[in-house]
Amino acid sequence: MSYQLPSLNWLRAFEAAARHNSFTAAATELNLTPAAISHQVRSLEEHLGFAMFERLPRSLRLTDLGRAYLPSVRKAFADLSVST
């Protein structure tokens, strides 16, 4: 079976950025640069075809679609963690 899933790294970057409302804090947590987190989130947004965040001057805010997507991503990570 072939799944049309986005990259796991993109999803990790999205989840961390959503939790912290910050690319910088997500980068620190994942040992990446803020630019790398931004690039991964942008790639996810392009893959899905919609914006996940509103980019504000000093923070981020999830869009309505980003807020709707986040619980599924968190559940998938939780399921993988339990299975592992």
query = In Å, rounded to the nearest 0.5 Å, how long is the span from OG of Ser43 to CZ of Phe14?
reply = 14.0 Å

key: From Leu60 atom CG to Thr24 atom OG1, the distance as rounded to the nearest 0.5 Å   = 8.5 Å

query = Between Phe53 and Ala18, which heavy-atom pair has the shortest distance, and what is it?
reply = CZ-N, 3.6 Å

ask   = Is the number of heavy atoms from other residues, nucleotides or ligands under 6.0 Å of Arg61 CZ greater than 12?
value = no

request  = Report the residues that fulfil salt bridge (Lys or Arg N to Asp or Glu O under 4.0 Å) with Arg74, sequence neighbours left out, ordered by chain and then residue number.
outcome  = Glu15

note = So the salt bridge (Lys or Arg N to Asp or Glu O under 4.0 Å) pairs with at least one residue in residues 20-30 (sequence neighbours excluded) are Arg19-Glu29

ask   = Who are the side-chain contact (heavy atoms from CB on, under 4.5 Å) partners of Leu48, not counting sequence neighbours?
value = Leu44, Phe50, Met52, Tyr69

remark   = Shortest non-hydrogen pair, Ala51 vs Leu65, comes out as O-CB, 4.5 Å

note = Those residues at least two apart in sequence (or on a different chain) that pass ring pair (Phe, Tyr, Trp, His ring centres under 6.0 Å) with His47 are Trp10

query = Can you list every pair that meets salt bridge (Lys or Arg N to Asp or Glu O under 4.0 Å) and has a residue in residues 31-43, with sequence neighbours left out?
reply = Arg42-Glu45

ask   = Which heavy atom of Arg12 sits nearest a heavy atom of Leu30, and at what distance?
value = NH2-CD2, 3.1 Å

query = Going from CD on Gln40 to CG on Leu11, what distance comes out if it is rounded to the nearest 0.5 angstrom?
reply = 10.0 Å

task = Decide if atom NE2 of His39 counts as having more than 12 heavy atoms of other residues, nucleotides or ligands within a radius under 6.0 Å.
result = no

Partner set under side-chain contact (heavy atoms from CB on, under 4.5 Å) for Asn21, not counting sequence neighbours = none

message = Let's go through Phe77 and Leu8 carefully: what are the C-alpha distance in whole Å and the side-chain angles of both, what is the deciding distance for side-chain contact (heavy atoms from CB on, under 4.5 Å) to 0.1 Å, and is it a yes or a no?
response = CA-CA 10 Å; Phe77 285 142; Leu8 181 60; 3.3 Å; yes

Ser38 side chain to Pro34 backbone, donor-acceptor under 3.5 Å = no

